[in-house]
Amino acid sequence: MEYNFRAIEAKWQQYWADNKSFKTVDDFSKPKFYCLDMFPYPSGAGLHVGHPEGYTATDIICRYKRSKGFNVLHPMGWDAFGLPAEQYAIQTGTHPATTTQRNCDNFRRQIQSLGLSYDWDREINTTDPDYFKWTQWIFTKLYGTWFDAALGKGRPISELTIPEEIKSVGLAAVRNFVDQKRLAYYGEAQVWYCRNCKTVCANEEVLNDGSHEKCGTKEVERRFLKQWMLRIPHYAERLLEGLDGLDWPEGVKEMQRNWIGRSTGAEVDFKLAGLDKQLRVYTTRPDTLFGATYMVIAPEHELVAAITTDDQKKAVEQYITHAALKSDLDRTDLAKVKSGVFTGRYAINPLNGKEIPVWVADYVLMGYGTGAIMAVPAHDERDFEFAKTYDLPVVCILDPQERTTPENRSKVLAGDACWSEDGVYINSANPEMGIQLNGLTKEEGIKQVTEWLEKAGLGKATVNYKLRDWLFSRQRYWGEPFPVIHWEDGEISLLDEMELPLRLPEVEKYQPGETGESPLSNAGEWLTVTDKQGRKGRRETNTMPQWAGSCWYYLRFIDPRNENEPFAKAKENYWMPVDLYVGGAEHAVLHLLYSRFWHKVLFDLGIVSTNEPFQKLFNQGMILAFAYETASGSKVPSDQVHEKEGKYYHLETGEELHQIVAKMSKSLKNVVNPDDVVEKFGADSLRLYEMFIGPLDATKPWTENGVKGVYNFLRRVATFFGEPGNLTLTEESKETLKALHQTLKKVGEDIEEMKFNTAISQMMMFTNHCYKVGKVTPETANTFYQVLAPFAPHLAEELWSLNGNQGSIGICPWPQFVPAYLTEEVVEYPVSFNGKVRFKLELPVGLSVAEIESSVLESDLAKKWLEGLSVAKMIVVPGKIVNVVVK
RNA sequence: GCCCGGGUGGCGGAAUUGGUAGACGCGCUGGACUCAAAAUCCAGUGAUAGCAAUAUCGUGCGGGUUCGAUUCCCGCCCCGGGUACCA
């Protein structure tokens with residue numbers, strides 16, 4: 001048979017569509033397998049070869065699981081809100097919905113051309129009002145939930161007890177109290193604002209170098225704006241604990257842990273000399289309190305004005321104004337030299353009563369801990385640098401002893417070097433206060449000081465998290481509108497479920513306002529509302545960020561056409577959690593953390609039945625491409641390069657070029673379009689190559705020659721098995737049965753472990769075997785087709801039907817592997833002398849160690865290597881190796 | 001700086017409860033087929049020496065443990081990703 005992949009693939013894709021072969025039914029009696037791809041943002045550029053990598057992997061697993069008897073849920077949809085469509089609208093006036101529709105159609109066509117077994121009846125789109133109705137609904141749930149710290153869970157706001165003293169103050173106080181507790185709140189937030197995009201951006205979008213992730217400019221600055229925020233830090237502990245039970249890559253879990261950033265320490269109150277106020281600091285090292293020689297408060301700290309003395313007022317005010325203009329970049333990276341100013345005030349060290357100066361410095365951040373620190377320059381690098389800059393005293397209280405060099409130790413003891421590791425306390429006792437640390441080490445010191453502080457009422461053990469409130473609004477058009485009304489009297493109300501979805505209004509221009517307000521502020525009629533009492537209100541003009549839609553889409557796939565609820569409880573109960581979630585590592589922290597947060601809230605409210613949404617996570621690696629650069633390192637577009645005898649030259653200048661591996665990019669002209677690959681080699685070849693190129697989680701370069709290699713394999717399969725004369729054997733040979741069942745075993749195991757590259761190489765070996773023996777039985781062929789089917793489903797279906805089988809190959813149970821076919825009668829032992837393999841010796845299976853020893857020593861081959869030497873020892877590992885130690 | 005990955009033929013990569021390094025594929029070489037070429041099929045292919053049998057070397061570098069190390073331990077080098085004063 002000629003391998004006419006175009007005809008074969010068209011035929012079977014039609015067959016699957018006509019027969020709805022991959023439709024998932026909610027048959028609760030079967031074991032379920034929910035396999036999810038991270039749904040794409042349908043960009044105008046279409047699919048790139050990175051998309052099919054993850055999609056093919058999940059498709060193989062799904063097809064395999066179906067034939068193993070699982071009820072498989074394998075859906076696809078579109079994360080279609082987002083900036084590019086809006087940007088295009090600003091430029092051309094085309095409604096983002098139009099652009100989005102077009103892009104989705106293109107993506108669907110491309111994905112369908114790959115023969116992926118999605119249930120297209122479950123397709124969802126985050127921009128569809130029937131979908132975002134429920135995104136808005138979940139937002140109202142967040143708004144209506146508070147976190148009960150005592151129970152460690154979220155509860156409906158109706159279950160919040162309002163203290164009598166608040167009630168007595170009045171309605172506004174009650175409202176204020178409740179708002180303080182909600183998981184979603186509307187508040188003044190100091191946020192990043194990008195002058196270029198005219199939008200607010202999340203902290204996470206502002207890169208370390210002070211540029212905006214989305215647009216790349218450095219036009220970002222800090223502004224105060226009214227924003228919707230989510231209190232994700234309330235769930236910090238739950239999000240941290242939840243990680244332990246998940247089958248996720250360790251690296252991703254570690255990144256999430258670091259992002260949450262839990263630390264334990266103590267809050268300590270310092271009295272201020274001549275001021276009836278206390279300064280509270282957070283420290284992870286209360287044990288170093290004896291070494292605190294000054295204090296620092298953040299420029300934004302509320303006590304700055306009160307603390308500053310008249311003499312220093314001017315200098316401090318100047319410093320604060322200056323610091324406010326700085327971006328985080330200036331405050332961190334560039335500030336190798338720390339800056340600060342003395343407030344004129346002294347604080348009193350509670351352990352020894354000594355007065356220490358209070359400084360203002362921007363290396364202390366208001367957003368973490370209490371915004372104030374006690375500085376222990378001898379044992380903290382940052383404090384040490386600051387102390388050296390401003391010539392503040394450095395008192396060593398922790399002797400490194402033998403933990404460092406004698407030279408460094410004496411520097412540390414003299415206060416000329418910083419030591420932040422463990423040591424033995426010195427100068428750390430105050431008998432009057434009943435505290436004595438000298439001679440102890442760090443762990444014990446922290447414990448004792450914390451206990452002492454708590455007893456003395458000067459402080460308490462505290463846990464802190466780096467995780468900050470999640471800024472949840474954007475000044476954009478193309479996002480979910482908030483179901484929120486701001487009334488003229490200052491009240492905020494949310495729409496009822498009956499009033500959802502709140503659709504986007506038509507607007508004339510998509511340009512954000514100069515002040516950064518959303519395009520929705522131009523939406524005329526839509527904008528204003530009046531209630532039954534005649535009270536006027538204005539709708540929220542912000543929209544939700546792109547994260548919103550992707551935070552819960554895995555739940556909607558369970559019941560995507562449900563008009564009455566986000567999903568039916570019974571179905572959710574059956575399908576959740578997602579058994580396997582595959583996508584890029586770029587979502588390791590944000591998307592996965594936000595999703596987990598929403599999920600936990602929904603869990604606490606009894607809306608979902610699992611504590612965590614994604615049981616197993618797998619990150620596919622990036623697919624790169626070869627690129628070329630000159631000796632000086634400048635890049636040369638691929639169409640300017642020509643190859644000669646394995647070397648590369650510039651087409652015009654003739655200069656020899658160096659081949660490198662780089663991300664695919666338009667400028668390098670090394671982008672591979674899946675459509676072209678499908679056209680030239682077929683979908684099965686594309687699928688197979690993406691899996692064969694290397695381990696799924698590795699970063700690897702694309703080569704067209706590699707595609708040719710797997711195409712070759714498929715062609716050889718088609719040629720051999722498509723020839724009826726090759727399938728005429730009536731009884732299968734032992735060797736072929738062995739090769740077949742080895743393949744069956746290896747491929748099954750490799751799919752379970754997601755090691756697709758080695759599974760494919762095993763199938764290649766089997767095919768090579770078939771060419772060698774020339775003929776196999778039709779039964780052998782059938783079994784092989786089934787093994788091949790998850791990987792190259794079109795060709796497998798074709799050969800399957802050609803061999804006289806009815807119906808789709810996908811519905812047949814996975815063939816049973818028979819271990820008996822793999823048993824060996826002889827073992828070929830590599831025989832080593834002093835660890836060097838000298839010859840191979842074939843021996844029957846099942847010999848005792850003594851028998852193997854004597855067989856080896858008696859063999860003619862061994863004589864040569866034993867000449868003039870005596871055997872000191874023999875190592876025999878039955879079935880593996882023999883090593884003779886000679887002297 | 002810190003954290004996490006990773007360094008194996010000309011190339012992508014296999015193989016690690018320590019047990020025949022280089023499976024499979026690409027490329028290359030030779031042969032068959034052909035008037036010829038392409039395609040295909042068959043064979044070979046880590047390096048060095050040798051006609052060959054074979055020998056020596058060989059998994060980033062230097063040590064160590066072991067009968068035996070790509071695999072374990074110690075110390076380095078290089079590459080990729082993440083991160084940034086979190087007290």
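Within every chain, numbering begins at 1; the chains are lettered A, B, ... in the order of the sequence lines, protein sequences first and strands thereafter.
A search for side chain to side chain contact (heavy atoms under 4.5 Å, CB included) contacts involving A:N619 returns A:P249, A:V252, A:A585, A:L617, not counting sequence neighbours. Every residue meeting the side chain to side chain contact (heavy atoms under 4.5 Å, CB included) condition with A:A372, not counting sequence neighbours, appears here in chain and number order: A:L279, A:V281, A:I297, A:H301, A:T370. In this structure, the side chain to side chain contact (heavy atoms under 4.5 Å, CB included) partners of A:S859, at least two apart in sequence or on a different chain, are A:F839, A:L841, A:L861, A:A862.
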Bracket string, RNA chain B, 5' to 3' - pairs by Watson-Crick or G-U geometry under 3.5 Å, | interstrand: (((((((..(((......[....)))((((((.......))))))((((....))))..(((((..]....))))))))))))....
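Spacing between atom CD of A:Q256 and atom P of B:U83 amounts to 13 Å, rounded to whole angstrom units.
With B:C67, B:C26, B:C24 as the candidates, the nucleotide lying closest to the side chain of A:N705 is B:C26. For A:K708, the listed nucleotide lying nearest its side chain is B:G27; candidates were B:A87, B:C85, B:G27. Listed nucleotides B:G82, B:U20, B:C26 differ in distance to A:P830; the shortest reach to its side chain belongs to B:U20. Candidate nucleotides B:A87, B:G82, B:C67 were compared by shortest atom distance to the side chain of A:T283, and B:A87 ranks first. The listed nucleotides are B:C24, B:C67, B:A87; the one nearest the side chain of A:V364 is B:A87. Relative to the side chain of A:V837, the nucleotides B:C85, B:U20, B:C67 differ in distance, and B:U20 lies closest. Comparing B:C57, B:A14, B:U20 against the side chain of A:N757 picks out B:A14 as the nearest. Comparing B:C85, B:A55, B:A87 by their nearest atom to the side chain of A:I373 picks out B:A87.
A side-chain donor-acceptor contact under 3.5 Å links A:Y282 and A:S263. A:N726 and A:Y771 form no side-chain donor-acceptor contact under 3.5 Å, judged by distance and modelled atom types alone.
Ring orientation note: the planes of A:F766 and A:H769 are close to parallel, at an angle under 30° on the 30°/60° scale.
Within the nucleic acid shown, A:R262 has no heavy atom closer than 4.0 Å to any nucleic acid atom. Backbone-only engagement by A:I693 is indicated by non-hydrogen atom pairs under 4.0 Å involving sugar-phosphate atoms exclusively. Using a 4.0 Å heavy-atom cutoff across all strands shown, A:K880 reaches sugar-phosphate atoms only and no base atom. In this structure, A:S832 reaches neither bases nor backbone, as no heavy-atom distance under 4.0 Å exists between it and the strands shown.
With a 4.5 Å cut-off on side-chain heavy atoms, A:D380 and A:S420 do not count as touching.
Glycosidic torsion of B:G9 falls within 90° of 0, placing the base in syn.
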Using a 4.0 Å heavy-atom cut-off, write out nucleotides 37-46 of chain B from 5' to 3' as B (base contacted by protein), S (sugar-phosphate only) or - (no contact). ---SSS----
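When the shell of 6.0 Å around NZ of A:K745 is examined, it contains 12 or fewer heavy atoms from other residues, nucleotides or ligands.
Within residues 758-767 of chain A, the residues that have a heavy atom under 4.0 Å from RNA chain B are, in order of number, A:T758, A:S761, A:M764, A:M765.
A donor-acceptor contact shorter than 3.5 Å is absent between the side chain of A:D287 and the backbone of A:V449.
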